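These numbers come from the heavy atoms of this one structure, side chains and all, not from hydrogens, waters or symmetry mates. Please read these numbers as outputs of a predicted model, since none were measured by experiment.
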There are 2 protein chains.
Amino acid sequence: MPKGQPTVIPDDGLTTRQRRNRPLVFVHTGPGKGKSTAAFGLALRAWNQGWPIGVFQFVKSAKWKVGEENALKVLGASGEGGPVVWHKMGEGWSWVQRDAQLDNEQAAKEGWEQVKRDLAAETHRLYVLDEFAYPLHWGWIDVDEVIGVLRDRPGTQHVVITGRNAPEKLVEFADLVTEMTKVKHPMDAGQKGQKGIEW
Amino acid sequence: MPKGQPTVIPDDGLTTRQRRNRPLVFVHTGPGKGKSTAAFGLALRAWNQGWPIGVFQFVKSAKWKVGEENALKVLGASGEGGPVVWHKMGEGWSWVQRDAQLDNEQAAKEGWEQVKRDLAAETHRLYVLDEFAYPLHWGWIDVDEVIGVLRDRPGTQHVVITGRNAPEKLVEFADLVTEMTKVKHPMDAGQKGQKGIEW
């Protein structure tokens, strides 16, 4: 039910409207399906509000999530909702020189540097940092630094972070955390992924 | 990781390809966020494959999920991916006469009747039965009948059912079940929903 009543009225000196429009940090974590798909579903709402959307895919394979990418690019170019910028680590970030031989850790760090620049410039209103929980979990990017940057980000910029094993500190810091739990998956019954469903 | 290896090779007489392309029933349930958003994220992949998509919103309010609706309609009309048909219980189903005074139970049943007709006619390749778990949970629609219809549906038609409290029988029957668990929600901290995020 999307329009419930809060159970607590915090003593934070904000009006209901100010509190309502506070920028949010979302974390979608856990072993189940739907972490990224829910993030891209959220992007549809943001697009509909005309918000500029920035997607940063912190994954190695450039083929992943091509369905979501094509859909959001068509939406972004439709002239009806907000614009969409889609950055992929898998193909090499667009701002990194093609001949730069980055390993995965370096590439993840490069992605985070761009996120920081975009947050400082208030480039987007919704950021999807897809699979960003992994470089945090692996210690490639410092979670304390990420929390500090997110806490101090200017304006009204919402940030969604997806991926298994989101660090506990990030979960503590985030405003909205959903854990996707796998109850049943066709791979358990010997079925491989299929196009249109898994990618 | 979308392209893992199954841990079991079932003795079902199917080739890997046949098994891979089997039509699937998904259930997104649980108290957390992301059940519907993940379903609409999945629809982006289906759209990208050019699959016809049918959405049935089993909710009372016509305003809900207007972001997803607008986005999927723009995509469906873009001429690039699959077509999208969006049915809303909240405004009265399009095939039901405007002056018919249906209560919620009757309206939910009318929706299910149309889903059955579309499945029989193989109208869509992906069905999003949004919030359909509720009329099942409340006993308005018989879960055994639903399972029977889904089991016997012809062709390659994938079906996603969302909503809290999905009946145990449906969970048993489904191929892929994800439970969204609420870890933290801003409403717990006194923050109401905001546009672009909740709708």
- Note on the structure: A:Leu75 and B:Ala71 have their tightest heavy-atom pair at CD2-O, 3.4 Å
- Query: At what distance, to the nearest 0.5 angstrom, does CZ of A:Arg45 lie from NZ of B:Lys65?
  - Reply: 7.0 Å
- Determine, using the 4.5 Å side-chain heavy-atom cutoff (strictly less than), whether B:Leu119 and B:Val85 are members of one ILVMFWY cluster. no
- Note on the structure: Residue from A:Val27, A:Thr37, A:Leu72 scoring the most non-hydrogen pairs under 4.5 Å with chain B is A:Thr37
- Message: Are A:Lys33 and B:Leu176 packed together at the side-chain level, in the sense that at least one heavy-atom pair is separated by less than 4.5 angstrom?
- Response: yes
- Query: In the single-linkage hydrophobic clustering (I, L, V, M, F, W, Y; side-chain heavy atoms under 4.5 Å), do B:Val74 and A:Val55 co-cluster?
  - Reply: yes
- Task: Would you indicate whether the side-chain heavy atoms of B:Val183 and A:Val171 approach each other to under 4.5 Å?
- Result: yes
- Using non-hydrogen atoms only, which part of A:Ala174 is less than 4.5 Å away from chain B: side chain, backbone, both, or neither? backbone
- How far does CD of B:Glu69 sit from CG of A:Leu44, to the nearest 0.5 angstrom? 12.0 Å
- Message: Applying a strict under-4.5 Å side-chain criterion to I, L, V, M, F, W and Y, I'd like to know whether B:Val128 and A:Leu42 cluster together.
- Response: yes
- Message: Quick check for you: to the nearest 0.5 Å, what is the distance between A:Asn70 atom CG and B:Ser78 atom OG?
- Response: 10.5 Å
- Below 4.5 Å from any heavy atom of chain A, which atoms of B:Glu80 appear? Answer side chain, backbone, both or neither. side chain
- Task: Go through the steps to decide whether B:Asn48 and A:Val66 satisfy the test side chain to side chain contact (heavy atoms under 4.5 Å, CB included), and finish with yes or no.
- Result: CA-CA 8 Å; B:Asn48 190 54; A:Val66 67; 4.1 Å; yes
- Query: When clusters are formed by joining ILVMFWY residues with side-chain heavy atoms under 4.5 Å apart, either directly or through shared neighbours, do A:Phe132 and A:Ile147 land in the same one?
  - Reply: yes
- Task: Give a yes or no on whether B:Ile161 and B:Val143 share a hydrophobic cluster (residues Ile, Leu, Val, Met, Phe, Trp, Tyr; joining criterion: side-chain heavy atoms under 4.5 Å apart).
- Result: yes
- Nearest-0.5 Å distance that lies between atom CH2 in A:Trp47 and atom CD in B:Glu68: 11.0 Å
